[in-house]
Amino acid sequence: MPGRLEPEPIGRRDFLGLAGWWSAGIAIVGSLLGMARLPKPRVLDEVSARFRLGAPSDFPPGTDTEIAGRNVRIVSNQEGIRAMSLICTHLGCIVGREADGGFSCPCHGSKFDPEGEPTAGPAPRALTWLAVSQSADGTLIVDKDTEVSAEEVYHV
Ligand code: FES
């Protein structure tokens with residue numbers, strides 16, 4: 001006979017009944033939590049990798065423009081338009097323009113020439129050139145997720 005401090009043994013039938021109720025409860029709570037999340041849009045709050053740059057006429061040949069807040073440089077010449085990432089290929093710091101037209105990284109001292117080729121420091125490779133395209137309304141679009149070769153020019 002069980003004492004006051006010993007729990008009563010539970011029968012197999014009672015145990016299976018309790019397990020059934022607990023399983024049903026967990027399933028119902030899980031379903032309700034899932035339904036409660038449905039109205040909330042499942043989107044990322046981060047800035048899109050593709051962004052609209054503006055009209056081609058905003059970047060006439062001979063201009064070299066840094067896009068504030070996007071860490072991208074737009075180089076335009078007679079052949080077309082190219083976009084270069086200003087994110088260091090070492091650990092991702094933002095490079096800054098040097099007096100000679102090249103770039104330097106404030107974090108660990110990498111240096112890049114005006115074409116983004118590394119000239120000093122720990123950066124393992126050149127700055128990334130990015131895909132440029134045009135939307136149906138003629139606006140230029142830069143895709144920071146698509147890397148292109150340094151020679152690839154978007155012909156406007
Ligand atoms: S992040 Fe640019 S050199 Fe390290």
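Side chains are part of it too, since the values below use all heavy atoms of this structure and drop only hydrogens, waters and symmetry mates. Computed from a prediction, not measured in an experiment: that's the story for all the values here. Counting convention: from 1, in listed order, for ligands and their atoms alike.
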Query raised in the report: Where the side chain of Ser110 meets the backbone of Cys105, is there a donor-acceptor pair that is under 3.5 Å apart?
Result: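 Checking the backbone N and O of Cys105 against the side chain of Ser110, no donor-acceptor pair under 3.5 Å is found.
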**Report entry** Cystine candidate Cys107-Cys93, SG separation under 2.5 Å
**Finding:**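 Correct, these two cysteines form a disulfide.
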Report task. List, by chain and number, the other hydrophobic cluster members for Leu130, where Ile, Leu, Val, Met, Phe, Trp and Tyr join if side-chain heavy atoms come within less than 4.5 Å, directly or indirectly. Result ->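 Listed partners: Phe51, Leu53, Phe59, Ile67, Val72, Ile74, Ile81, Val132, Leu140, Val142, Tyr154, Val156.
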Query - Salt bridge present between Asp64 and Arg73 (N-O < 4.0 angstrom) - result: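 Looking at Arg73 together with Asp64, the answer is yes, because their closest N to O distance falls below 4.0 Å.
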Requested in this report: Decide whether Trp22 and Phe15 are clustered together by the hydrophobic rule: side chain heavy atoms of Ile, Leu, Val, Met, Phe, Trp, Tyr closer than 4.5 Å, transitively.
Outcome: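 No, because Trp22 and Phe15 fall into different hydrophobic clusters, even though each may have its own neighbours under 4.5 Å.
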Query raised in the report: Under 2.8 Å from atom 4 (Fe) of ligand 1, which protein atoms of type N, O or S occur, listed by chain and number?
Result: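 As for protein N, O or S atoms lying under 2.8 Å from atom 4 (Fe) of ligand 1, they are His90 ND1, His108 ND1.
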Query raised in the report: When you look at Arg82 and Glu115, which way does the side-chain contact (heavy atoms from CB on, under 4.5 Å) test go after all the steps?
Result: CA-CA 11 Å; Arg82 299 183 302 157; Glu115 283 298 299; 3.1 Å; yes
